[in-house]
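Everything numeric here is computed off the predicted structure, so don't read it as measured data. Because only heavy atoms are used, hydrogens play no part in the values below, and waters and symmetry mates are left out as well, while side chains stay in.
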Amino acid sequence: MLENQKIRPAQVIGPLGEPLTVESLPPVGTSRWVVRRKAEVVAAVSGGLLTVDEACKRYSLSLEVFTSWQRAVDRSGMPGLRVTRIKQYRDQYERQQRY
């Protein structure tokens with residue numbers, strides 16, 4: 001019976017080192033996605049606070065958008081989530097992969 005229960009943490013460590021809970025995540029219906037909010041959602045999913053499906057449904061995100069955030073954090077950290085610098089970080093990552 002216990003195998004079917006999903007155990008989730010009450011909190012995870014956020015991108016800035018602060019504890020994140022479901023209540024402290026960006027509000028449902030957020031339309032202005034700044035770097036910190038994107039990173040918090042990615043950290044919540046990575047830490048098991050939310051599943052990918054729950055995050056996409058909660059914030060009306062496509063799977064492609066969420067995975068692009070995840071990939072940006074994995075490659076460049078929080079600065080990789082900046083929309084204005086996305087080409088710079090992508091080029092930098094591709095150069096690193098060549099060598």
| message | Holding to side-chain contact (heavy atoms from CB on, under 4.5 Å), I want the full list of residues that pass it with V12, two or more places apart in sequence or in another chain. | response | P9, L20, L49

| request: With sequence neighbours left out, write down each residue that passes side-chain contact (heavy atoms from CB on, under 4.5 Å) with T51, or none if nothing qualifies. | output: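 Counting only residues at least two positions away or on another chain, T51 forms a side-chain contact (heavy atoms from CB on, under 4.5 Å) with R8, D53, E54.
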
| said: Using 0.5 Å steps for rounding, measure from the CZ atom of F66 to the NZ atom of K38. | reply: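 So the CZ of F66 and the NZ of K38 are separated by 12.5 Å.
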
| said: Measuring from atom OG of S76 to atom CZ of R71, what distance do you get when rounded to the nearest 0.5 angstrom? | reply: 11.5 Å

| task | Just grab all the salt bridge (Lys or Arg N to Asp or Glu O under 4.0 Å) pairs involving residues 56-67, residues at least two apart or on different chains. | result |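 Every pair satisfying salt bridge (Lys or Arg N to Asp or Glu O under 4.0 Å) with a residue in residues 56-67: there are none.
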
Table please: side-chain donor-acceptor pairs of residues 25-33 below 3.5 Å, with sequence neighbours left out.
residue : atom : partner : partner atom : Å
T30     : OG1  : P27     : O            : 2.4
W33     : NE1  : T30     : O            : 3.3

| said: Under the rule for salt bridge (charged side-chain N to carboxylate O under 4.0 Å, His left out), what residues qualify as partners of E18, not counting sequence neighbours? | reply: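 Once residues adjacent in sequence are excluded, E18 has no partner under the salt bridge (charged side-chain N to carboxylate O under 4.0 Å, His left out) criterion.
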
| ILVMFWY cluster, I13 and W69 together (side-chain gap under 4.5 Å) | no

| Do V34 and Y59 belong to the same hydrophobic cluster, where Ile, Leu, Val, Met, Phe, Trp and Tyr are linked whenever their side-chain heavy atoms lie under 4.5 Å apart, directly or via other members? | no

| query | Taking only residues two or more places apart in sequence or in another chain, which ones pass side chain to side chain donor-acceptor pair (under 3.5 Å) with S24? | reply | T21

| task | Tell me, please, which residues at least two apart from R36 pass side chain to side chain donor-acceptor pair (under 3.5 Å). | result | E40

| Side chain S46, main chain A43, donor-acceptor under 3.5 Å | no

